[in-house]
Amino acid sequence: MNQTVVTRFAPSPTGYMHIGNLRTALYSYLTAKHAGGKFILRIEDTDRERLVEGATDVILSTLEMTGLSYDEGPGVGGEHGPYIQSERKDIYPKYAEQLVKSGHAYYCFCSKERLEQLHEEEANGGYDRHCRNLPAEEVARNLAAGIPYVIRQKMPTEGTVTYHDAVFGEISCECKELQDQILMKADGYPTYNFAHVIDDHLMGVTHVVRGSEYITSTPKYALLYDALGWERPTYVHLPLLMGKNPDGTVSKLSKRHGAVSFQDLVKDGYLPEAIINYIALLGWNPKKELAEQEFFTLDELKAAFSIEGVNKSPAVFDFDKMLWFNGEYIRRLSFEDFTERVKPFLRTDLPANIDRTLMLSLLHGRLAKLSEINDKIACFIEPCEYGTELFLNKKNKVTAENALPLLQSAYDILLGATEWTSDALFALFSAKAEELGVKSGALLWCARIALSGMTVTPGGATEIMAVIGREETMRRMEGGLAKFA
RNA sequence: GGCCCGUUGGUCAAGCGGCUAAGACAACGCCCUUUCACGGCGUAGACAUGGGUUCGAUUCCCGUACGGGUCACCA
């Protein structure tokens with residue numbers, strides 16, 4: 001009774017890892033790991049026309065980067081291999097033939113042309129079951145003549161099929177709604193519809209975790225289990241991930257919504273652990289005393305996860321919240337780790353005067369995603385072009401009249417500075433401000449404008465000074481003074 | 001269109017017959033501050049709708065509307 005939970009992630013190699021797919025992998029992984037079970041990776045590449053070079057590597061590296069390690073699968077092996085469907089090609093025909101013998105499937109010799117014509121004539125009719133009751137002799141004759149064929153599942157014509165879904169509950173379907181779907185294609189490969197059922201059973205999968213787009217086709221798969229005399233697995237269908245359209249409507253998350261593959265997100269400066277954390281919460285809530293917790297490590301997710309917490313309604317992927325999560329994760333990185341992680345994003349042509357470590361420590365708490373780094377540090381490399389009106393600032397009481405004197409004072413302070421650190425310089429400015437009877441903010445504002453040419457900078461005036469060094473500071477201050485000439 | 005599923009603020013989401021209906025992101029305001037960010041405080045904002053059931057419905061049932069999914073020799 002207390003059987004081991006076995007789940008799988010079975011993507012087809014399309015060349016990129018859709019974020020919705022990744023979430024499916026995550027939930028599948030968590031379902032198994034929460035119960036101390038096994039997680040299997042299987043590659044579904046039975047569509048020979050859509051093969052993409054290197055696509056499997058994308059899947060493997062994504063799982064590697066996110067920490068979703070699998071117990072069985074390509075590369076690691078296992079007792080149920082191979083784990084790539086094209087390498088299992090020989091396994092499927094005998095099950096298909098078994099179904100033909102038991103009356104649950106049949107050979108179909110209809111040409112693609114005929115099918116297409118059928119489709120045009122009757123918009124929603126589907127296959128007309130032309131070959132469903134072909135005499136045995138005719139089937140034998142066609143086979144002998146080498147006429148291409150497919151094998152179709154013979155659906156019951158009446159009654160209802162019902163299965164239990166761990167998330168959605170009882171789901172029923174009238175048998176007459178079911179199409180005689182193709183099990184084996186003319187090229188000898190099985191369809192997804194057939195292959196996944198065979199493989200799931202052979203691999204001992206107990207919980208089929210997948211997106212809810214499969215809800216309506218699951219009755220057909222359940223029937224297949226029944227026909228083969230196998231026990232049906234527990235179905236766990238997940239609510240879909242949606243994206244918001246410009247007009248306010250929502251639809252299945254896709255490329256038109258922006259960066260929706262794991263690779264896109266990482267390239268854009270999102271941290272894998274932030275991505276995992278965010279998508280874990282799209283469609284699932286830990287409930288109870290953890291209902292308000294937002295930050296979870298993978299291990300914490302393993303401990304907290306349960307299917308009861310999975311929602312039924314679709315969830316919209318919110319880039320704003322993803323960004324917030326990412327910023328939080330960046331801030332929580334150790335400085336060493338942060339330095340390592342921004343490195344690939346950071347321009348390599350930093351001028352020699354820049355104190356790189358100090359600069360990065362200033363940026364550590366100010367990035368929402370790593371890719372923002374170069375824009376944010378632009379003011380350290382070179383000040384922006386600006387006019388004297390930029391000095392004006394109401395809050396710090398800088399006016400057209402006092403801007404120049406203020407800037408001159410700031411310059412004089414720096415002339416006499418001995419210790420060139422942000423704290424020491426700041427102390428000097430404070431003292432001078434008091435002496436002059438102005439807000440220190442007024443002096444610092446003017447200095448910062450001269451230094452950067454911007455009203456918004458990552459760090460205050462004295463921090464910028466410390467980063468760019470004395471020589472460059474004086475050069476920029478002089479440049480600022482010259483604007484008034 | 002047929003079938004299936006869903007519906008708490010703009011978004012995520014708690015709630016599982018009785019609550020002033022949590023919390024987070026976003027928005028807005030204030031504070032902190034050397035600008036920004038961080039942080040603190042606060043404001044605004046939701047049970048799609050009509051009928052039941054019940055002493056009492058966001059919660060249970062039915063209809064309606066709206067949204068989504070699915071109807072391939074794709075997975």
Side-chain angles (χ1 to χ4, degrees), chain A residues 10-14 44-47 49-50 108 110 112 115-116 119 123-127 148-152 165 168-169 171-174 176-179 181-187 189-193 195-196 210-219 237 239-240 242 244 248-252 278 281-288 291-294 311-325 327-328 331 362-368 376 393 395-396 422 426 429-430 439-445 447-449 452 454-464:
Chain A
S12 49
T14 58
E44 311 221 322
D45 61 346
T46 56
D47 186 348
E49 289 174 19
R50 291 199 195 178
C108 170
C110 294
K112 279 189 182 176
L115 260 24
E116 273 164 30
H119 189 71
N124 320 313
Y127 180 57
Y149 65 89
V150 300
I151 294 179
R152 289 181 182 272
D165 185 277
F168 289 86
I171 297 193
S172 299
C173 171
E174 296 291 326
K176 62 174 192 287
E177 303 289 338
L178 271 20
Q179 295 275 319
Q181 65 175 352
I182 292 173
L183 267 19
M184 293 297 297
K185 301 187 260 191
D187 66 1
Y189 280 89
T191 58
Y192 162 83
N193 302 317
H196 92 273
R210 63 178 30 148
S212 67
E213 64 265 35
Y214 290 101
I215 282 184
T216 46
S217 42
T218 298
H237 286 105
L240 259 18
M242 313 295 282
K244 192 165 220 154
T249 59
V250 296
S251 53
K252 213 167 150 180
Y278 176 58
L281 264 17
L282 279 182
W284 171 78
N285 182 280
K287 309 279 182 185
K288 306 255 174 67
E292 287 191 34
Q293 184 174 329
E294 295 213 90
N311 285 119
K312 294 186 182 70
S313 46
V316 176
F317 187 95
D318 183 0
F319 284 91
D320 280 334
K321 188 138 190 181
M322 173 76 256
L323 196 61
W324 174 78
F325 258 108
E328 288 291 320
R331 264 170 246 127
L362 248 27
L363 270 303
H364 188 183
R366 290 173 225 255
L367 295 180
K376 299 251 184 193
N393 182 268
K395 193 181 157 202
N396 286 306
S422 179
F426 187 70
F429 272 86
S430 296
K439 292 175 67 173
S440 60
L443 284 170
L444 290 160
W445 173 270
R448 200 167 56 81
I449 295 298
S452 66
M454 300 182 196
T455 56
V456 174
T457 56
T462 61
E463 287 168 324
I464 296 174

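Protein chains get the first letters and strands the later ones, always in sequence-line order, with residue 1 at the start of each.
- Applying the ring pair (Phe, Tyr, Trp, His ring centres under 6.0 Å) test to A:Phe426 and every residue at least two apart in sequence or in another chain returns nothing.
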### Task
Using Watson-Crick or G-U wobble pairs with both distances under 3.5 Å, give me RNA chain B in dot-bracket, 5' to 3', with [ ] for crossers and | for pairs to another strand.
(((((((..(((.....[....))).(((((.......)))))....(((((..]....))))))))))))....

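- Checked against salt bridge (Lys or Arg N to Asp or Glu O under 4.0 Å), A:Asp165 has no partners two or more places apart in sequence or in another chain.
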What does the list of N/O pairs under 3.5 Å between the protein and nucleotides 30-37 of chain B look like, with a distance for each?
| residue | atom | partner | partner atom | Å |
| --- | --- | --- | --- | --- |
| B:U33 | O4 | A:Lys395 | NZ | 3.2 |
| B:U34 | O2 | A:Ala461 | N | 2.7 |
| B:U34 | N3 | A:Thr462 | OG1 | 3.3 |
| B:U34 | O4 | A:Thr462 | OG1 | 2.1 |
| B:U35 | O4' | A:Arg448 | NH2 | 3.0 |
| B:U35 | O2' | A:Thr455 | O | 2.7 |
| B:U35 | O2 | A:Arg448 | NH1 | 3.1 |
| B:U35 | O2 | A:Thr457 | N | 2.8 |
| B:U35 | O2 | A:Thr457 | O | 3.1 |
| B:U35 | O2 | A:Thr457 | OG1 | 3.4 |
| B:U35 | N3 | A:Thr457 | O | 2.9 |
| B:U35 | N3 | A:Gly459 | O | 3.1 |
| B:U35 | O4 | A:Gly459 | N | 3.2 |
| B:U35 | O4 | A:Gly459 | O | 2.9 |
| B:U35 | O4 | A:Gly460 | N | 2.9 |
| B:C36 | O2 | A:Arg366 | NH1 | 2.8 |
| B:C36 | N3 | A:Arg366 | NH1 | 2.3 |
| B:A37 | O2' | A:Gly365 | O | 3.2 |

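- Picking from B:U70, B:C3, B:A75 the nucleotide with the shortest atom distance to the side chain of A:Lys185 gives B:A75.
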### Task
Could you run through nucleotides 11-16 of chain B and give me one letter per nucleotide, 5' to 3': B if any protein heavy atom sits under 4.0 Å from the base, S if only the sugar-phosphate is that close, - if neither?
SSSSS-

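- Here A:Thr191 does not reach the OP1 or OP2 of B:A75: none of its side-chain N or O atoms lies under 4.0 Å away.
- In this structure, A:Asn285 has no side-chain hydrogen bond (donor to acceptor under 3.5 Å, both in side chains) partners at least two apart in sequence or on a different chain.
- Look at the P atom in both B:A14 and B:U7: the space between them is 11 Å, to the nearest Å.
- Qualifying salt bridge (Lys or Arg N to Asp or Glu O under 4.0 Å) partners for A:Lys321, counting only residues two or more places apart in sequence or in other chains: A:Glu294.
- Residues that satisfy the side-chain hydrogen bond (donor to acceptor under 3.5 Å, both in side chains) test with A:Tyr192, not counting sequence neighbours, are A:Arg210.
- Residues that satisfy the ring pair (Phe, Tyr, Trp, His ring centres under 6.0 Å) test with A:Phe429, not counting sequence neighbours, are absent from this structure.
- Every residue was checked against the ring pair (Phe, Tyr, Trp, His ring centres under 6.0 Å) condition with A:Phe168, not counting sequence neighbours, and none meets it.
- At the heavy-atom level, A:Leu443 lies nowhere under 4.0 Å from the strands shown.
- Shown here are the side-chain hydrogen bond (donor to acceptor under 3.5 Å, both in side chains) partners of A:Ser172, two or more places apart in sequence or in another chain: A:Thr162.
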Between side-chain atoms of residues 455-464 of chain A and protein atoms elsewhere (two or more places apart, or another chain), which donor-acceptor pairs fall under 3.5 Å?
| residue | atom | partner | partner atom | Å |
| --- | --- | --- | --- | --- |
| A:Thr457 | OG1 | A:Arg448 | NH1 | 2.8 |
| A:Thr457 | OG1 | A:Gly459 | O | 2.8 |
| A:Thr462 | OG1 | A:Ser422 | OG | 2.9 |
| A:Glu463 | OE1 | A:Gly460 | N | 2.7 |

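- Aromatic ring orientation, A:Tyr278 versus A:Phe317: perpendicular (interplanar angle above 60°, classes split at 30° and 60°).
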